[in-house]
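The structure under discussion appears below in the form of structure tokens.
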Amino acid sequence: MKKFTAFLILAATLISCDQSKSYDEFAQVENKKQDYAIIPLPQKMETSNGIFVIDENTQIQASEELSQEAEFLADYIGEIAGFTPAIKSDRDEVERSISLKISIDFDQDEAYNLKITHEKVVVEGASAKGVFYGIQTLKQLLPLKSKFQNESATISIPAVAISDAPAFNYRGMHLDVARHIFPVAFIKKYIDLIAIHKMNTFHWHLTEDQGWRIEIKQYPKLTEIGSIRKETMIEKNFDPYKGDGKEYGGYYTQEEVKDIVEYAAKRHVTVIPEIELPGHSRAVLAAYPELGNNTGPYEVATKWGVFDEILAPKEETFEFLENVLTEVMELFPSEYIHIGGDEAPKTEWEKSTQAQEVIKREGLKDEHELQSYFIRRIEKFLNKNGRQIIGWDEILEGGLAPNATVMSWRGNQGGIEAAKQKHNVVMTPNTHLYFDHYQANPENEPLAIGGNSTVEHVYSFDPVPEELSTEEAKYIMGAQANVWTEYMKDSDYVEYMILPRMTALSEVVWTYPEERNWEEFKSRLTEFKKHYDEMDLNYATHVFEDSQSIKNEPTAAK
Ligand code: ACM
């Protein structure tokens with residue numbers, strides 16, 4: 001008998017065996033360790049023998065309030081299996097069903113339990129968000145789509161009982177769309193990645209010296225002029241400067257922004273917009289030079305770095321910013337609005353009689369206190385509208401605004417200071433969580449800004465600095481990686497820089513440090529990377545090779 005015929009007979013036998021396998025036999029199936037390679041690692045997980053088999057008769061049961069989650073799961077099963085389970089609204093668990101429920105038996109809003117036996121699957125959450133995370137875990141236990149080329153395949157899920165909840169409430173990813181802009185479809189893919197990793201915040205960096213990227217109806221010149229730069233510096237040709245001679249621009253319309261915010265909400269991801277002030281504002285000044293310190297003419301920046309040109313602290317500027325932020329608040333329902341606050345040199349304010357008059361009028365000590373005055377005014381306006389501000393750690397200089405949350409980027413120090421002052425903190429230190437830094441030997445890597453943070457180094461990060469007492473540590477809301485895109489010209493480049501570092505970060509913010517183990521994580525990551533392949537992602541592979549080619553050196557601030 002020819003080998004190929006033998007293979008066909010064997011395959012047909014296996015398929016028919018599977019179909020005729022009695023229901024009780026499903027309880028006996030032995031599962032393998034790699035069937036449970038879940039990232040981030042759940043708090044409690046008990047594995048056992050047995051599989052739950054999904055077929056055309058399997059139903060999803062969910063109450064009305066979970067209809068979105070039920071549809072999300074049904075669509076996913078539809079994608080991998082070729083049939084979409086029916087959704088029933090009854091609450092009673094029946095055998096052979098996947099049941100989604102909200103329960104009051106949790107003390108954390110994002111907690112969930114997932115129980116899989118050969119008879120049924122139950123996903124129970126403290127909220128729709130908790131149920132959504134239970135579904136994310138379930139997705140990792142399902143076989144990959146690529147296994148289902150053959151129509152008679154069945155979907156089996158290994159038996160398990162999981163109780164899970166995150167270590168931190170804020171689990172974020174930032175993306176700079178100003179240095180380079182990315183299509184709406186990629187922003188959605190980025191949000192998908194955030195959701196798959198059970199992260200909950202997308203920090204959308206929308207304005208910069210090199211481009212303003214959000215439509216503001218009252219100020220059309222922000223996009224007509226501010227979204228376009230005449231060219232872009234080639235690689236790192238700062239001095240002598242060398243530009244590419246090609247105009248570069250683009251922005252998101254308000255309709256696109258609404259669509260993205262809605263897409264994210266369905267995946268329980270909050271979008272926090274960042275409108276930079278008073279620095280990183282050359283694109284604003286190119287459009288509305290009257291908001292500057294009489295140092296024009298201005299043009300949208302074509303190279304990277306920190307520029308002296310900043311907004312003038314005058315009434316006209318505050319009126320402009322309040323109008324812009326009013327439109328921003330209409331688009332983004334997030335509690336937080338990020339107001340930037342970083343890298344705002346004070347040289348222009350030192351020389352400006354107008355700025356000096358404000359210092360005198362308000363009884364301020366210096367230009368740092370003037371920046372603090374600037375931020376406090378913006379905070380007051382946003383608080384009045386029911387929002388909170390978050391800003392880079394420079395907002396500590398000259399005194400923190402009363403309710404501000406601090407994003408600690410120049411290492412941990414800003415976060416430590418803010419927590420000691422009883423202010424909330426998000427840790428995004430450039431020592432570990434700058435994904436624009438190299439992740440392996442720069443000689444063999446695409447151009448990056450500098451620094452160095454391997455996947456292992458990211459994994460070693462603890463969001464709670466040891467300098468803090470237990471009481472102070474409560475102000476650490478969580479952590480986020482920052483993705484500045486000066487050198488990332490397209491979405492493939494971004495994917496390469498964030499993966500697998502983002503996967504390491506997802507465990508840093510979800511799983512308690514005492515439960516984390518690098519070697520063990522690495523073996524789960526090897527399984528998890530199959531999802532990267534399924535999503536057609538362009539990821540870095542160093543960690544899957546024998547050894548990483550570099551050690552971490554301390555990173556310089558950008
Ligand atoms: C920053 O990297 N300038 C926040």
Side-chain angles (χ1 to χ4, degrees), residues 170 172-180 201-213 236 238 272-284 301 303-311 336-346 368 371-372 374-375 378 389-398 400-401 404-418 423-439 448-453 458 461 463 477-488 494 497-498 501 505 554-558:
Y170 187 110
M173 285 294 291
H174 151 286
L175 183 66
D176 166 12
V177 296
R179 272 56 176 264
H180 285 102
T201 308
F202 171 42
H203 170 176
W204 200 3
H205 186 83
L206 286 161
T207 73
E208 261 305 336
D209 297 302
Q210 295 83 5
W212 180 281
R213 306 267 175 249
K236 293 187 178 176
F238 287 95
I272 297 183
E274 179 177 355
I275 304 297
E276 275 270 18
L277 55 95
H280 287 291
S281 291
R282 274 195 37 185
V284 178
K303 61 179 179 181
W304 322 125
V306 175
F307 301 95
D308 281 346
E309 293 88 347
I310 70 172
L311 298 173
Y336 284 107
I337 306 288
H338 202 301
I339 49 76
D342 61 323
E343 298 178 324
K346 306 297 182 294
H368 291 295
Q371 166 147 338
S372 176
F374 199 114
I375 306 279
I378 299 297
I389 65 161
I390 189 163
W392 300 111
D393 57 41
E394 285 93 332
I395 65 170
L396 279 152
E397 295 160 10
L400 266 183
T405 293
V406 171
M407 214 166 238
S408 187
W409 74 276
R410 294 174 299 178
N412 283 352
Q413 201 47 44
I416 294 169
E417 265 178 55
H423 280 254
N424 285 333
V425 172
V426 175
M427 299 303 291
T428 72
N430 57 359
T431 51
H432 290 75
L433 301 185
Y434 265 47
F435 291 177
D436 57 341
H437 287 186
Y438 285 105
Q439 56 189 316
I449 199 148
N452 169 21
S453 193
V458 172
F461 181 64
M477 293 163 65
Q480 167 182 291
N482 295 334
V483 184
W484 304 104
T485 58
E486 284 94 336
Y487 300 99
M488 301 178 210
V494 173
M497 296 304 279
I498 65 171
R501 292 191 282 194
L505 174 63
T555 37
K558 252 176 45 166

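Everything quoted here is computed from the prediction, not taken from an experiment. Start at 1 and go down the list; that is how both ligands and their atoms are numbered.
Residues H437 and A448 approach most closely at C-CB, 4.3 Å, considering heavy atoms.
Each of R179, H174, H180 was checked for a side-chain hydrogen bond (donor to acceptor under 3.5 Å, both in side chains) with D176, and the lone residue meeting it is R179.
Ring planes of W409 and Y434: parallel class, angle under 30° (limits at 30 and 60°). In this structure, W392 and W484 have tilted ring planes: the angle between them lies in the 30° to 60° band.
For the pair W392 and ligand 1, the shortest N or O to N or O distance does not fall below 3.5 Å. Close N/O approach between H280 and ligand 1 is not found [any backbone or side-chain N/O within under 3.5 Å].
Summarising the geometry, atom CG belonging to L277 is positioned 10.5 Å from atom NE2 belonging to H338; distances are rounded to the nearest 0.5 Å.
Within ligand 1, the atoms closer than 4.0 Å to a non-hydrogen atom of W484 are 1 (C), 2 (O), 4 (C), numbered from 1 in the order shown. Close contacts of ligand 1 with E343, meaning ligand atoms under 4.0 Å from a residue heavy atom, involve 3 (N). Near Y434, the atoms of ligand 1 lying under 4.0 angstrom from a non-hydrogen atom of the residue are 1 (C), 2 (O), 4 (C). Residue D342 has at least one heavy-atom neighbour below 4.0 Å for each of these atoms of ligand 1: 1 (C), 3 (N), 4 (C). Interface of W409 with ligand 1, defined as ligand atoms under 4.0 Å from a residue heavy atom, comprises 1 (C), 2 (O), 3 (N), 4 (C).
No part of M407 comes within 4.0 Å of ligand 1, judged by heavy-atom distances.
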Between L433 and Q480, is a side-chain contact (heavy atoms from CB on, under 4.5 Å) present by the stated rule, with each step listed? CA-CA 7 Å; L433 301 185; Q480 167 182 291; 6.0 Å; no
